[in-house]
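Per chain, numbering begins at 1; letters A, B, ... match sequence-line order.
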Amino acid sequence: MMTNGEIAKMLAMTADLLEIKGENPFKVRAYRNAARIVENSSKDFDKLVKEGFDLTRLPGIGKDLSEYIKEIVNTGKFHKLEELKKEIPQGLVDMLSIEGLGPKRVKQIYDAFGVTSLEELKKYAQSGELDKLPGFGPKLIEKILKGIKQLKKAGIRFLWAEVEDIAEDLREYLLKFEGVEIVEIAGSYRRKKETVGDLDILVVAKDYPKVSEYFIKYPEVKEVHSAGLTRSTVFLQNGLQVDLRAVSHESYGAALHYFTGSKAHNIEIRKIAISLGMKVNEYGVYKDDKKIAGESEEEVYKAVGLCYIEPELRENRGEIEACRENRLPKLIKREDLRGDLHIHSNYSDGANTIEEIAKKAIELGYEYIAITDHSKRLKVANGMDEKKILRQFEEIDRLNEKFKGKIYIFKGCEVDILEDGSLDYDEEILEKCEIVNAAIHYKFDLPRELQTKRVIKAINNPFVTTISHPTGRILHKREEMSLDFELIFSEAVKNGVFLEINSQPDRLDLNDVLIKQAIEKGVKLVINSDAHNLKSLNFVKYGINQARRGWCEKKNVINTLSLKELKGMLRE
DNA sequence: GCCGTTTTCGGCCCGACTGTTTTCAGTCG
């Protein structure tokens, strides 16, 4: 079984090696394209191949790449990549992640000195040998030496929630400067991607060079990388890269569109423009060298014959076709949520009493919440036993009397799915729960087939309401479990079990691609905070972000229903 | 390597910044 990620990685690696080899850059691009297509697809390529689907039907994949992908799926290997690896040392690929070194210069260094590792490169740079190459001046050499040191930092991505405050602080800082009219944070931040590589800030200002000067004096700036007439780049203390770009009013929409990306989406838009005899760049849309649009994003889309596409959808995952066929989703909003069905109280590892949580939920405008504390096995999280949960339910009954007409508290639990797929409570307890969130908290590395069986057994348990954090991943810490989601989706639909979008900023599973797949299969989702304190009830905004990236509408999410409607959907 | 209501050949997204030269290549996003 090859995942889309694994296939994409092999194709991208091939592209890197071909590039160092000095292959036709358009061929290299074709491999990169293919990698991106596979990576971004909402379909499993492994399945597509095994079902005999004609891959050449996908734009960007032709006869050759189709065969190569089949080879990778069927054998787990790619002969072209194997050959290239023999030919080109891994050290050269490592060099690509040095700032300022691309394929051309790496090849130049390799051809001249036979350098095959970062160690060797360092020696040549320090000894002054490297200066002899044409185009290698003292500044570039200094940059390379610095790049070798900072190599590890390259490629780190921050959680969206981690940069949220930084981004907003920067926005405020820039708005304070005289003559600054608009500050917008574009890039993957605006697309609400779960992780963000850098911040792209767009400003409309009277006197950009002055703004740039002000920008690089921001107290958190550690290093100024470049400062030009329309762009500047800095690194903050925590390593985050921030790009500032200046535009005029007339180009604001085109620039916002351009810098919001994604790259794949932009390329598609430009291709469409070309087919219409137009040109799109960050300054506007041009026909016969005459500017016909650029002030707003709506205008840009309209000029190329499209409707406005929400930033979260701009990943070239079918949004352009959907727009043409007038079937773009009407994305869910935070205000659509009427309750939260996964909250921990101080009965297990939460910080607050149920009453405190209920009051906060009323403040948030919710009609209902579910208190779902951990079950027995999870001792590290103060998991509850039978006696304790019964006591808790008595308290919930009392509170429901007290808050009648204001909020309804569901009696629930987050019950462990044991290794064999059975649950960590007996029926006597489960039947007293109105909401049963079943979740895996250990043995994350079972083989795909066993893990899938484990989850499906839980889905088929008549007491289970929801599978919580279904992939078990923790961003930057733990890989997702190996699961056959196609099967899980169809079992979830069959059994009327909901799948959770967990809003913890480092979980956010299901992820965007899986959400889209789930919706296409008719799965009902639930967006929960998994809050352990009052403040993190607000985490649902991250869950909403992820849902929107997965083309999620209000109708796909059960906690947008009224209390009455929801109760009608739950098991007796 | 992909693609085709001008095409099976000859294009392929587009511009800014840097460092090196002195008009441009390489890199980056």
Please tell me if [X] has a side-chain N or O lying less than 4.0 Å from either OP1 or OP2 of [N].
{"X": "A/Lys80", "N": "B/dG1", "value": "yes"}
{"X": "A/Tyr68", "N": "B/dG1", "value": "yes"}
{"X": "A/Thr230", "N": "B/dC17", "value": "yes"}

How far does the [atom1] atom of [N] sit from the matching atom of [M], given to the nearest Å?
{"N": "B/dT7", "M": "B/dC14", "atom1": "C1'", "result": "24 Å"}
{"N": "B/dC17", "M": "B/dC12", "atom1": "C1'", "result": "24 Å"}
{"N": "B/dT6", "M": "B/dG1", "atom1": "C1'", "result": "23 Å"}
{"N": "B/dT21", "M": "B/dG26", "atom1": "P", "result": "13 Å"}
{"N": "B/dG15", "M": "B/dG10", "atom1": "P", "result": "25 Å"}
{"N": "B/dC28", "M": "B/dT23", "atom1": "P", "result": "26 Å"}

Worksheet item: B/dG29 base to A/Asp243 side chain: any donor-acceptor pair below 3.5 Å?
Response: no

Discussion item. For B/dG15, does the base pair up with any side-chain atom of A/Tyr258 as donor and acceptor (N or O, under 3.5 Å, distance only)?
Written reply: no

Rounded distance (Å) that lies between atom [atom2] of [N] and atom [atom1] of [X]:
{"X": "A/Ile272", "N": "B/dC3", "atom1": "CD1", "atom2": "C1'", "value": "15 Å"}
{"X": "A/Phe78", "N": "B/dG1", "atom1": "CZ", "atom2": "P", "value": "9 Å"}
{"X": "A/Glu67", "N": "B/dC2", "atom1": "CD", "atom2": "P", "value": "10 Å"}
{"X": "A/Leu11", "N": "B/dC2", "atom1": "CG", "atom2": "P", "value": "11 Å"}
{"X": "A/Asp198", "N": "B/dC28", "atom1": "CG", "atom2": "P", "value": "13 Å"}
{"X": "A/Lys104", "N": "B/dT20", "atom1": "NZ", "atom2": "C1'", "value": "16 Å"}
{"X": "A/Lys271", "N": "B/dC14", "atom1": "NZ", "atom2": "C1'", "value": "14 Å"}
{"X": "A/Asp16", "N": "B/dT27", "atom1": "CG", "atom2": "C1'", "value": "14 Å"}

Worksheet item: Taking for each residue the nucleotide of DNA chain B with the nearest heavy atom, is it A/Arg270 or A/Ile141 whose nucleotide lies nearer the 5' end?
Response: A/Arg270

Worksheet item: Which comes earlier along DNA chain B counting from the 5' end, the contact point of A/Leu101 or that of A/Phe136, where each point is its nearest nucleotide?
Response: A/Phe136

Answer with base, sugar-phosphate or nothing: what part of the nucleic acid does [X] contact at a heavy-atom distance below 4.0 Å?
{"X": "A/Ala227", "result": "sugar-phosphate"}
{"X": "A/Pro25", "result": "nothing"}
{"X": "A/Val280", "result": "sugar-phosphate"}
{"X": "A/Pro59", "result": "sugar-phosphate"}
{"X": "A/Tyr286", "result": "nothing"}

Fill in: Check ion pair A/Lys47-A/Glu486 (N to O, under 4.0 angstrom)
yes

Discussion item. So that I can tick it off, tell me whether A/Lys193 and A/Glu315 are bridged by a salt bridge, with the cut-off set at under 4.0 angstrom between side-chain N and carboxylate O.
Written reply: no

Discussion item. Could you report the tightest heavy-atom contact between A/Ala255 and A/Val247, atom names first, then the distance?
Written reply: CB-CG1, 3.3 Å

Worksheet, complete the sentence: From the list A/Arg473, A/Arg507, A/Arg548, salt bridge (Lys or Arg N to Asp or Glu O under 4.0 Å) partner of A/Glu194 resolves to A/Arg473

Discussion item. Once ring pair (Phe, Tyr, Trp, His ring centres under 6.0 Å) is applied, do any residues pair with A/Tyr68, and if so which ones, sequence neighbours excluded?
Written reply: A/Phe78

Item to complete: Could you tell me how the ring of A/Phe235 sits relative to the ring of A/His225: parallel (under 30°), tilted (30 to 60°) or perpendicular (over 60°)?
Response: perpendicular

Worksheet item: Can you check B/dT5 for me, syn or anti if syn means within 90° of 0?
Response: anti

Worksheet item: Hey, is the main chain of A/Ile544 close enough, under 3.5 Å, to the side chain of A/Arg334 for a donor-acceptor pair?
Response: no

